[in-house]
Amino acid sequence: MNVTTPNSFRTGPDENGLFGIYGGRFVAETLMPLILELEQAYKDAKADPSFQEELDSFLEHYVGRPSPLYFAERMTEHLGGAKIYFKRDELNHTGAHKINNVMGQILLARRMGKKRIIAETGAGQHGVATATACARFGLECIVYMGEVDMERQKPNVFRMMLLGAKVVPAKSGSRTLKDALNEALRDWVANVEDTFYCIGTVAGPAPYPEMVRDFQSVIGRETKAQMLKREGRLPDSLIAAIGGGSNAMGLFHPFLDDKDVEIIGVEAAGLGLKSKTKHAASISGGKPGVLHGNRTYLLMDDDGQIIEGHSISAGLDYPGIGPEHAWLHDMGRVQYLSATDKEALEAFQLCCKLEGIIPALEPSHALAQVMKIAPNKPKDHLMVMNMCGRGDKDIFTVADILGVKL
Amino acid sequence: MSTRIDRRFEALKKEGRAALVTFITAGDPDYDTSLKIITGLPKAGADVIEIGMPFTDPMADGPAIQAAGLRALAAGQNMKKTLKLVKEFRKGDNETPIVLMGYYNPVYVYGVEKFLKDAKSAGVDGFIIVDLPPEEDVEFCIPALNAGLNFIRLATPTTDDKRAPTVFRNTSGFVYYVSVLGITGTKAPDIKSVKANVNRLRKHTPLPICVGFGVKTAEQARAIAKDADGVVVGSALVSAVEKSLTKAGKPTSKTAKAVHALVAEIAQGVRT
């Protein structure tokens, strides 16, 4: 693709919510006034130092930030190449990076006077994070979750219930994350007055991709400061798993203009990209289209009908990807690769045994990529992988595949 | 340039009655049956026909229309076949306006220019693309208007006086007022608020205003027709299709008849 390199990769989106041709506000008219209201409210909050102060305070005392930047010594020895660091976002309250964004959005919802919070969830991590923050602030919480995912992620469903949230099964279509998103949008259209839609990833209509990215960028900002302190320089490479892409965007964004930092996003290749429909790699195996409020790379057939993604990880099997990722792909700033179910499972097991960390299946995809490239890097190559979630929620899925009955 | 839609609303104005706008999903439950349904709609009393372009993820639609889309897709419906359906309808009817309604992705993937050209030559008069608000007009609305076709916009209870000029800026043909907050076919419209909103919106546009979402009976149609220029019926017709099917989802001899009978009944509402 013939494109000119911009002076900065960090200035998007433009006033129309676009990153190049991606993003935008492709929503029904009923939602348009709300989207514009949200955009203004976010702009005001961003300009108000007291908002950031309040958020920082909750991130420190409630979420447990900053998360450590951990030198994975045994993994490094085992692979025999690059020096591998894990950004330990799995140590956050609720066990994943999702809470970073949720705290931001819930504080914004409070600022806007909204009392009813809705969210969609795939693996359940965003749902749990939203239910948690709603419990903390005494807000009504409704989480839409695909019926199939509810079955795959029973512990998280129960967690949400304990936290006082109502979990509503999405029974339409493929009954997974994309359908949960459809149901959440339907709820929002019907309850525009009092409801705040807390989207869990860097997708959806503007301003969500930008707003969620901003809230998740705390990951990258911390990583930068921590690495400078530890090693006296920036990392050489960053690696993160991508479903919608919020943990990856959070890690990547502060580094986008550091041209020497190699950045790699890892999509879920499921049973392999050749399987055509049994993967969830929107960039590697999809093409640009419009869904859920934004233009981005999507898995679809020749008629523009959306294809259900597949991944061993319920958090990655979304048929789209955040629009900023789509743009960064076209610009060539970030490299988008993929890892299969099998590779992720191997990485999952290796991480348990070598590092004493049970990773979620999502970052296991990133780790699978680390395992592929770290051995070929020199020993002074500093590699950061985002350990964006812990694997407690996944032990049932893994046990099932390994043939162990719990 | 006047379109079939403009001419139809002018004629109805002279007649002194509101239009009955009917929605049916293309290819539901299969191509042949939906052609039969659509071909019989004008005789049953439909003044304007909206044809739904099936999509896997219809975010603004309720269960009835979503299920209809999935039935159509399962039976092999696609955009080419939807345009073919219009072409075949036009062989026997060159007057009744046809509006294609749906979501942007299948149109975008087909290619906007090619789609407009093929739709026009098939005999389509206008479009309602649910997920294209005025903020995205350059995508499809402006090219459609330039091609001499109508772009019909949805106005909703959230379209206040401040928002209205933006919504109507590039709208043509008619305005589709969504009478309830929510998805298609779930709540019944509140007639009093419909009246107030229609009269409010008239201050912003000279276009005919049709009211839909949740209209199921002749009685509702009659009440709405007092203030609006048209009444849209969708989910009720799509549900009539569903109810007529075999357990396996196959059409029966009753399928087209059931839809036409319901249209004829509701048509009484706009005529008396």
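Convention: sequence-line order gives letters A, B, ...; per-chain numbering from 1.
Note that the CE atom of B:Met79 and the CD atom of A:Gln305 stand 8.0 Å from one another [nearest 0.5 Å]. Here B:Glu136 contributes atom CD and A:Arg295 contributes atom CZ; the two are 7.5 Å apart, rounded to the nearest 0.5 Å. Atom CE of B:Met59 and atom CH2 of A:Trp188 lie 12.0 Å apart (nearest 0.5 Å). B:Tyr176 OH to A:Glu29 CD: the interatomic distance, rounded to the nearest 0.5 Å, is 14.0 Å. From A:Asp303, atom CG reaches atom OG1 of B:Thr56 across 9.5 Å, with rounding to the nearest 0.5 Å. How far CE of A:Met32 is from CD of B:Glu135: 3.5 Å, rounded to the nearest 0.5 Å.
The shortest non-hydrogen separation linking A:Pro33 to B:Thr158 is CG-O, 3.5 Å.
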- [ ] Under the side-chain contact (heavy atoms from CB on, under 4.5 Å) rule, what do B:Tyr103 and A:Leu291 come out as? Steps first, then yes or no, please.
- [x] CA-CA 9 Å; B:Tyr103 295 80; A:Leu291 180 71; over 6 Å; no
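For a heavy-atom cut-off of 4.5 Å, chain A lies close to no residue in residues 24-34 of chain B.
When B:Asn105, B:Leu132, B:Val109 are compared by the number of non-hydrogen pairs under 4.5 Å with chain A, B:Asn105 comes out ahead. By number of non-hydrogen pairs under 4.5 angstrom with chain A, the leading residue of B:Pro54, B:Ala60, B:Pro133 is B:Pro133. With chain B as partner, the option from A:Val192, A:Asp301, A:Leu181 having the largest number of non-hydrogen pairs under 4.5 angstrom is A:Val192.
Enclosure of atom NZ in A:Lys43 is not indicated, since only 12 or fewer non-hydrogen atoms of other residues, nucleotides or ligands lie within 6.0 angstrom. Within a 6.0 Å radius of NZ in A:Lys278, no more than 12 heavy atoms belonging to other residues, nucleotides or ligands are found.
Contact annotation for A:Asn191: neither backbone nor side-chain heavy atoms come within less than 4.5 Å of a heavy atom of chain B. Interface remark: B:Tyr108 contributes side-chain atoms only to the contact with chain A (heavy atom separation under 4.5 Å). If you measure heavy-atom distances from A:Pro205 to chain B, you find no contacts under 4.5 Å at all. Neither the backbone nor the side chain of A:Ile307 comes within less than 4.5 Å of any heavy atom of chain B. Only the side chain of B:Leu73 comes within contact range of chain A, with at least one heavy atom under 4.5 Å from a heavy atom of that chain. Looking at B:Val130, both its backbone and its side chain come within 4.5 Å of chain A, counting heavy atoms on both sides. For B:Pro63, no part sits under 4.5 Å from any heavy atom of chain A, backbone or side chain. Of the two parts of B:Asp160, neither the backbone nor the side chain holds a non-hydrogen atom closer than 4.5 Å to a non-hydrogen atom of chain A.
In this structure, the salt bridge (Lys or Arg N to Asp or Glu O under 4.0 Å) partners of B:Lys195, at least two apart in sequence or on a different chain, are B:Asp227.
Paired with A:Thr30 under the rule side-chain contact (heavy atoms from CB on, under 4.5 Å), one option of B:Thr156, B:Thr159, B:Val180 passes, and it is B:Thr156.
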